[in-house]
Protein chains: 2
Amino acid sequence: MAPVAPRSGDAVFASVDRVNSELFTLTYGAIVRQLLTDLEEVQEVNNQLDQMGYNMGVRLVDEFLAKSNVSRCVDFKETAEVIAKVGFKMFLGVTASVGNWDAEGTTCSIILDDNPLVDFVELPDTCQGLYYCNILSGVIRGALEMVSMKTEVTWMRDMLRGDDAFELQVKLLKQVPEEYPYKDDE
Amino acid sequence: MAPVAPRSGDAVFASVDRVNSELFTLTYGAIVRQLLTDLEEVQEVNNQLDQMGYNMGVRLVDEFLAKSNVSRCVDFKETAEVIAKVGFKMFLGVTASVGNWDAEGTTCSIILDDNPLVDFVELPDTCQGLYYCNILSGVIRGALEMVSMKTEVTWMRDMLRGDDAFELQVKLLKQVPEEYPYKDDE
């Protein structure tokens, strides 16, 4: 059987069940507000959001692989492009770009100009230090870990802090080779 | 100018920004899990979800009125139909039905067969008494309060408790007549 071609982010997004973006934005806002109330330090809120995102990334990668027809990526470079062009489109309905590669090809940035998580969001002064969208870094980390890539994900720019875009640096720490007990057919 | 016709739930849903339903489901699940960890009693979790929903309903009603072209509903009966057919479709992408009216026309049920909030959700035995989707009752209560209807919203059936559908009873407690300092044009 011929391999099925990977689908574009637009095609995948059109084919999945969706809910209203504003409902999602307000729901996410309710989480952040709850954590800010419950936890004492903003840094703990960042950690908790990251952990929630990690747990979600571990789950979402299955739907991603099933719906996108993306098969094994050749390298980290291709993986980053797929996250930005297909992953973000499929889940949030927006496209991200990839840039700022280092010479080794193990660190890059995923850059978002449009981010539905922050519609209508303004942070009060008491939230200095909060990475409001930190769930996203966790999702990327969790999803990549499921395809054997251990990464560190760090915010470089954040529009809620006055920057001109959202920029997440993704650094590949370790790539665990997958071993199969069987040979591929081809 | 001729009045603009109200739009169908499908048409409105097609025109709004949307995100992936599974992402939303997992995000909502993360809230419930967080509240279960933070709060001691399941009843407190129910209350907190209801309160979060209320705050969201108060906000969402604006988008609803702006996007749906629904203008003043004649009575509570029409309001309930609009919530079920246009509101649920516009925000969650599913349609609900209305039934179980009392003789006075002040109490009815909104019935959901399909509910994206509970995809993949199974409640452990420790969560007896939890109304997992309680955010929905709060959203309805909050949204209706913004159009001057004070209501009480109660779960009658819950598929996570083994029922065959989700049924929310909406009881109109008080309708505050809106007063205008000016006359309508017509």
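Naming convention: chains lettered A, B, ... in sequence-line order (proteins, then strands); numbering from 1 in each chain. The shown structure was predicted, so the numbers you read here are calculated from the model rather than taken from an experiment.
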> Do you know which of A:T27, A:V16, A:T25 has the most heavy-atom pairs under 4.5 Å to chain B?
Replying inline: A:T27
> Counting distance only, does the side-chain N/O of A:N46 pair as donor-acceptor with the main-chain N or O of A:G129 below 3.5 Å?
Replying inline: yes
> Can you say whether B:M90 sits under 4.5 Å from chain A via the side chain, the backbone, both, or neither, judging by heavy atoms?
Replying inline: both
>> Non-hydrogen contacts under 4.5 angstrom with chain A: give the residues of residues 149-169 of chain B involved, or none if there are none.
In response: none
> Given a strict heavy-atom distance threshold of 4.5 Å, which part of A:L35 is in contact with chain B: side chain, backbone, both, or neither?
Replying inline: side chain
>> We want to know whether B:Q51 and B:N47 form a side-chain donor-acceptor pair, criterion being a heavy-atom distance below 3.5 angstrom.
In response: no
> Any donor-acceptor pair under 3.5 Å linking the side chain of B:Q48 with the backbone of B:E44?
Replying inline: no
> Taking every heavy-atom pair that is under 4.5 Å apart, which of B:Q34, B:M52, B:R33 has the most such pairs with chain A?
Replying inline: B:Q34
> If only atom types and distance count, is the side chain of A:D102 paired as donor or acceptor with the main-chain N or O of A:T106 below 3.5 Å?
Replying inline: yes
> Under 3.5 Å, is there a donor-acceptor pair between the side chain of B:N134 and the main chain of B:L49?
Replying inline: no
> Backbone N or O of B:I111 within a donor-acceptor pair of the B:S109 side chain at under 3.5 Å?
Replying inline: no
>> Under 4.0 Å between a side-chain nitrogen and a carboxylate oxygen: does that hold for A:D50 and A:R141?
In response: yes
> Of the backbone (N, CA, C, O) and the side chain (C-beta and beyond), which part of A:M56 lies under 4.5 Å from a heavy atom of chain B, both, or neither?
Replying inline: both
>> For the residue pair A:R18 and A:F91, would you count it as a cation-pi contact if the rule is NZ or CZ under 6.0 angstrom from the ring centre and within 45 degrees of the ring axis?
In response: no
> What residue in A:L39, A:V139, A:I31 has the most heavy-atom pairs under 4.5 Å with chain B?
Replying inline: A:I31
> What is the distance from atom OG1 of B:T79 to atom CD1 of B:I140, rounded to the nearest 0.5 Å?
Replying inline: 12.0 Å
